[in-house]
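The next block holds one structure in the form of structure tokens; read it before the comments.
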Amino acid sequence: MKHPALAKVPAVTARIADSVRRVADNDERYEAGAVVPDGEWIKIDFSELPVSACGTLHSEAIEFVRAPAGLNEAGAYIKDTFPTGGPDQIRQWWSSDDTLQSVRQLARQNLSPLGDGAFHAIRLDAPGQLTTTERRPSGKRLGLHVDNWDQMPMRTRAASRRRLTVNLGPGSRALLFASPSACHICRSLGRPDEHLPHTDDVRAFVANGGRLRCYSVVLEPGQAYVAPTELLVHDGSTLDARLPSIVAYWLGSWPVGVLEPA
């Protein structure tokens with residue numbers, strides 16, 4: 001379903017994969033039962049991409065946008081100073097005082113014109129990863145999952161905050177997301193309206209023969225998405241990237257259309 005407020009087409013690359021797979025039990029990188037995209041990725045037109053998790057509420061819309069202008073300095077610092085050496089050099093750069101002041105204290109940055117948001121996290125991801133999210137402290141990857149920062153049950157799930165995720169570079173990265181939505185999956189499993197959707201529901205759905213259709217949208221440095229990650233089955237990916245990427249996250253109840261399309 002297309003959200004009526006999303007009139008402009010962003011300059012992003014979109015792809016689709018029609019299947020997922022459960023990770024092998026002996027794959028120690030992932031949690032047991034984790035689900036990841038499978039099959040061939042096929043390029044699609046942006047018009048074929050679902051840009052709403054469920055309906056037409058602003059809180060349900062998926063936007064691909066330019067990063068807020070207040071983050072431009074951090075992006076420029078990364079572009080100019082990111083080391084070309086190996087992992088040890090990158091770790092030294094990441095922990096330096098200059099990087100701490102310029103990049104790792106983004107909680108203090110102005111998200112104008114988006115307005116206030118709750119800073120959530122910043123991380124550095126290596127290239128070549130099918131999915132990026134890890135469980136702490138185990139370090140095991142979740143695969144496609146559902147966020148639960150606002151802890152909303154199915155009945156009020158659409159009121160959850162959306163997440164702004166900004167790729168600060170230097171490499172590209174992708175948002176992976178799947179349909180159907182978390183609430184649709186839970187209803188198909190017979191969950192009551194007071195149920196709190198969880199990644200375990202996604203895994204149970206797939207284990208029971210449910211089908212997920214996966215989409216991948218590539219974000220270049222300076223591009224971002226604003227999406228309802230508590231409704232979307234999703235993850236990040238750096239599988240096709242040649243360089244590491246730094247990604248920062250905020251949560252907020254922002255209207256659609258404030259930021260310029262990517």
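All values below were derived from every heavy atom in this structure, side-chain atoms included, with hydrogens, water molecules and symmetry-related copies excluded.
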**OP:** State, without any angle test, whether Ser47 and Asp45 hold a side-chain donor-acceptor pair at a distance under 3.5 Å.
**Re:** yes

Original post:
Can you tell me if CZ on Arg123 sees more than 12 non-hydrogen neighbours from other groups inside 6.0 Å?
Top reply: yes

Original post:
Which heavy atom of Gln151 sits nearest a heavy atom of Asn148, and at what distance?
Top reply: NE2-O, 2.8 Å

Subject >> Lys/Arg cation over aromatic Trp254: Arg162, 6.0 Å, 45° cone >> reply: no

Original post:
Quick one: do Val218 and Leu243 end up in the same hydrophobic cluster if we chain Ile, Leu, Val, Met, Phe, Trp and Tyr together by side-chain heavy atoms under 4.5 Å apart?
Top reply: no

Original post:
If only atom types and distance count, is the side chain of Ser237 paired as donor or acceptor with the main-chain N or O of Gln129 below 3.5 Å?
Top reply: yes

Original post:
Taking the six-membered ring for Trp, are the ring centroids of His120 and Trp149 within less than 6.0 Å of each other?
Top reply: yes

Subject >> Pairing residues for Tyr225 by the ring pair (Phe, Tyr, Trp, His ring centres under 6.0 Å) criterion, not counting sequence neighbours >> reply: none

Original post:
Are Ile62 and Pro50 close enough that some pair of their side-chain heavy atoms sits under 4.5 Å apart?
Top reply: no

Subject >> Common cluster, Met154/Leu57, ILVMFWY with side-chain heavy-atom separation under 4.5 Å >> reply: no

Subject >> Short side-chain to backbone donor-acceptor contact, Gln105 and Ser102, under 3.5 Å >> reply: no

Subject >> N-O pairing of Glu134 and Lys140 below 4.0 Å >> reply: no

**OP:** Locate the shortest heavy-atom distance separating Gly171 from Pro221; write the atom from each residue and the value.
**Re:** O-CG, 3.8 Å

**OP:** Please say whether more than 12 non-hydrogen atoms of neighbouring residues, nucleotides or ligands are located less than 6.0 Å from CD in Gln92.
**Re:** no

Original post:
Does a donor on one side chain sit under 3.5 Å from an acceptor on the other, for Ser96 and Thr99?
Top reply: yes

Original post:
Can you tell me if Asn208 uses its side chain to pair, donor with acceptor, with the backbone of Gly210 under 3.5 Å?
Top reply: no

Subject >> Inter-residue atom distance Leu176.CG - Arg173.CZ, 0.5 Å rounding >> reply: 9.5 Å

**OP:** Identify whether Leu232 and Phe205 are in the same connected component of the hydrophobic contact network (ILVMFWY, side-chain heavy atoms under 4.5 Å).
**Re:** no

Subject >> Interatomic distance, Leu49 atom CG to Ile44 atom CD1 [nearest 0.5 angstrom] >> reply: 5.0 Å

Original post:
Hey, what do you get for OG (Ser216) to CG (Asp240), rounding to the nearest 0.5 Å?
Top reply: 7.5 Å

Original post:
Hey, quick one: are Ile122 and Ile90 part of the same hydrophobic cluster, counting side-chain heavy atoms closer than 4.5 Å, chains of contacts allowed?
Top reply: yes

Original post:
Is Asn26 close to Glu28 at the side-chain level, that is, under 4.5 Å between some pair of heavy atoms?
Top reply: no

Subject >> Electrostatic pair Arg141-Asp235, nearest N-O below 4.0 angstrom >> reply: no

Original post:
Would Trp41 end up clustered with Phe177 when hydrophobic side chains under 4.5 Å apart are linked, directly or stepwise?
Top reply: no

Subject >> Under 3.5 Å: donor-acceptor pair, side chain of Arg157, backbone of Glu230 >> reply: yes

**OP:** Using modelled atom types only, decide if a donor and an acceptor are shared between the side chain of Gln223 and the backbone of Glu220 within a distance under 3.5 Å.
**Re:** yes

Subject >> Donor-acceptor pair, side chain of Asp150 and main chain of Met152, under 3.5 angstrom >> reply: no

Original post:
For the atom pair OG1 (Thr165) and NE2 (His234), what is the distance rounded to the nearest 0.5 Å?
Top reply: 7.5 Å

Original post:
Only one of Leu142, Val23, Thr238, Val36 forms a side chain to side chain contact (heavy atoms under 4.5 Å, CB included) with Thr131, so which one is it?
Top reply: Val36

Original post:
Taking NZ, NE, NH1 and NH2 as the nitrogens, is one of them in Arg155 or Asp193 under 4.0 Å from a carboxylate oxygen of the other?
Top reply: no

Original post:
Can you check whether Leu231's main-chain N or O pairs, donor with acceptor, with Ser181's side chain at less than 3.5 Å?
Top reply: no

Original post:
If you round to the nearest 0.5 Å, how far is CZ of Arg191 from SG of Cys183?
Top reply: 12.5 Å

Subject >> Residues Thr229 and Asp147: side-chain donor-acceptor under 3.5 angstrom >> reply: yes

**OP:** Nearest 0.5 Å please: distance from the CZ atom of Arg211 over to the CZ atom of Arg213.
**Re:** 5.0 Å

